[in-house]
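First comes the structure, then the notes that go with it.
For the numbers below, each heavy atom of this structure counts, side chains included, while hydrogens, waters and symmetry mates do not. As the structure lists them, so they are numbered: ligands from 1, and atoms in each ligand from 1.
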Amino acid sequence: MGVSNWDALNTQIIGCAQCPRLVAYREQVAQQKRAQFRDWEYWGKPVPNFGEPTARLLIVGLAPAAHGGNRTGRIFTGDASGDFLFDALYRTGFCNQPTSIHRDDGLQLYDVAITAAVHCAPPDNKPTPDEQRACFPYLQATYRLMPNLRGLLALGQIAFNACVRLARAENLLPDDARLQFRHGAVYTLARGRFLAASYHPSARNTYTKLLTPAMMTDLLQQIRARLETNAIATPDDSGA
Ligand code: SF4
């Protein structure tokens, strides 16, 4: 995918209509709306990357929520998952406020950008393998446009699989390496990079306390320390 800059990539993502099932679903949700949001004009399109390409950390989510990102047009914005994630990012110095409500709410990210394995809201939050494959080139293009990137943080198994696929495609990981998804794992990749894994901050995972604020904060603190360590790694540093 020959995209020359971040804004062009986001424009391309927003205009994408490759997955017929997801196009139909995101537009249907935008028309029908949830009662509490009936006065909103839903976004109803693919949700672009959030943040700046100069960031050292890229967080990879699953996909926009039907009434969250698909409504507001910004990833992790306007739903309980976003509330959880940004509260933790705020407490660890990765953003300027603990809430993410709408696109013009003043939220700024520090040294982190946020993307998703799939840029359109899927029914039941379950994109098919074909849909995940179709959206993967956007993740790869995102990675290639981030010159300072050192760390990937995958939220949930699907995002983790996409990050492993990316690491293999970019020669950051041997083809025969087997990485297990588990919360708190931080894997060393080639060239001073790393891949961290977290449970997805879905309402189900946070309400049941499978994922707690303390767990997310602890992982983000580890990541921050790792970013600082990797800042002095040599270009050919490889721990994969
Ligand atoms: S999921 Fe990705 S590839 Fe599929 S239509 Fe949305 S943006 Fe395009």
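- Not one N/O/S atom of Cys16, from backbone or side chain, sits under 2.8 Å from atom 6 (Fe) of ligand 1.
- Side-chain contact between Arg26 and Val23: present, with at least one pair of heavy atoms (C-beta onward) separated by less than 4.5 Å.
- A salt bridge links Arg144 to Glu170: at least one charged side-chain nitrogen sits closer than 4.0 Å to a carboxylate oxygen.
- Ion pairing between a basic and an acidic side chain is recognised when a charged N comes within 4.0 Å of a carboxylate O; Arg56 and Glu228 show such pairing.
- Residue-ligand proximity, Leu22 to ligand 1, at heavy-atom distances under 4.0 Å covers atoms 1 (S).
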side-chain contact (heavy atoms from CB on, under 4.5 Å) evaluation trace for Arg193 with Leu152: CA-CA 8 Å; Arg193 291 166 171 79; Leu152 297 159; over 6 Å; no
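- The contact set between ligand 1 and Val118, taken as ligand atoms under 4.0 Å from a residue heavy atom, comprises 1 (S).
- Taking a 4.0 Å cut-off on heavy atoms, Gln18 registers as neighbouring ligand 1.
- The shortest contact between atom 2 (Fe) of ligand 1 and any protein heavy atom is with Cys135 SG, 2.3 Å.
- Relative orientation of the Tyr187 and Phe160 rings is tilted, given thresholds of 30° and 60° on the angle between their planes.
- For atom 4 (Fe) of ligand 1, the closest heavy atom belonging to the protein is Cys19 SG, 2.3 Å.
- Which of Pro20, Cys120, Pro48 comes nearest to atom 6 (Fe) of ligand 1 through a heavy atom is settled by distance: it is Cys120.
- Side chains of Glu27 and Gln31: no donor on one and acceptor on the other come within 3.5 Å.
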